[in-house]
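Some notes on the structure that comes next.
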Amino acid sequence: MAVDNRLAELERRIAALESAADARGGARRRTSAGQAEATRALSELRAWNDWSDVAPALAALGNSVRLTLLREIVRGRATVSALSQVDGLGTSGQIYHHLRHLTAEGWLHTPTRGTFAIPPHRVTALQAILAALEADQTG
């Protein structure tokens with residue numbers, strides 16, 4: 001939970017900085033504010049001693065089938081039956097294997113029997129991870 005709280009606080013500060021920069025205008029100010037926020041974030045990362053505790057949760061995202069499952073669940077396919085209609089996900093047994101792994105690492109939960117969803121506290125974390133990686137790829 002501490003990671004999610006830190007992430008939420010960073011997102012709040014980034015949003016505040018971006019909002020203030022937009023109100024003032026000018027790319028130079030936004031860049032300066034962004035650099036200040038990055039410096040502050042780096043300072044917080046340096047203070048975080050044990051990164052290994054989040055390795056299993058991040059490793060769970062390092063599989064293209066699991067990322068596809070998460071994407072499809074976000075898009076509304078919340079049951080194994082619905083997910084099995086997606087090309088490339090494998091058999092229902094393979095789908096269950098990946099769903100169990102994502103559930104064990106906290107990326108999914110079952111709000112009702114047979115239905116999978118991303119827990120609210122993980123939605124923002126997943127969005128931040130994907131947005132950061134997409135931004136890194138686009139320049």
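The residues of the chain are indexed from 1 along the displayed sequence.
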If you take all heavy atoms of Asn63 and Val65, which pair is closest and at what distance? OD1-N, 2.8 Å
In Å and rounded to the nearest 0.5 Å, what is the OH to OG distance from Tyr96 to Ser84? 9.0 Å
Closest approach of Ile95 to Leu89 (non-hydrogen atoms, all atoms of both residues): CG1-O, 3.6 Å
For Ala78, what residues pass the side-chain contact (heavy atoms from CB on, under 4.5 Å) criterion, not counting sequence neighbours? Thr115
Kindly write out the residues that satisfy side-chain contact (heavy atoms from CB on, under 4.5 Å) with Glu44, not counting sequence neighbours, or none if the list is empty. Leu10, Arg13, Arg40
Atom pair CD1 (Ile118) and CG (Leu108), whose distance is rounded to the nearest 0.5 Å: 6.0 Å
Here the pair of heavy atoms bringing Trp107 nearest to Leu70 is O-CD2, 4.1 Å
Name all residues meeting the side-chain contact (heavy atoms from CB on, under 4.5 Å) criterion together with Ala38; count only those two or more places apart in sequence or in a different chain, and write none if there are none. none
Going from CG on Leu99 to OG on Ser92, what distance comes out if it is rounded to the nearest 0.5 angstrom? 10.5 Å
Once you round to the nearest 0.5 Å, how far does NE2 of His98 lie from OG1 of Thr103? 12.5 Å
Hey, does the side chain of Thr110 reach the backbone of Arg113 with a donor-acceptor pair shorter than 3.5 angstrom? no
Are any of the side-chain heavy atoms of Ile129 and Leu133 separated by less than 4.5 Å? yes
Show your reasoning for whether side chain to side chain contact (heavy atoms under 4.5 Å, CB included) applies to Arg66 and His97. CA-CA 10 Å; Arg66 291 184 190 135; His97 166 79; 3.9 Å; yes
Identify the heavy atoms of Pro119 and His109 that sit nearest to each other, and give their distance. N-CD2, 3.5 Å
When rounded to the nearest 0.5 angstrom, what is the spacing between OG1 in Thr68 and CZ in Arg75? 9.5 Å
Closest approach of Ala60 and His101, non-hydrogen atoms and distance? CB-CD2, 3.6 Å
Any idea which heavy atoms bring Gln85 and Arg77 closest together, and the distance? CB-NH1, 3.7 Å
Kindly indicate whether the side chain of Val74, heavy atoms from C-beta on, has any atom under 4.5 Å from the side chain of Val123. no
Nearest-0.5 Å distance, CZ of residue Phe116 to CD of residue Glu72: 15.0 Å
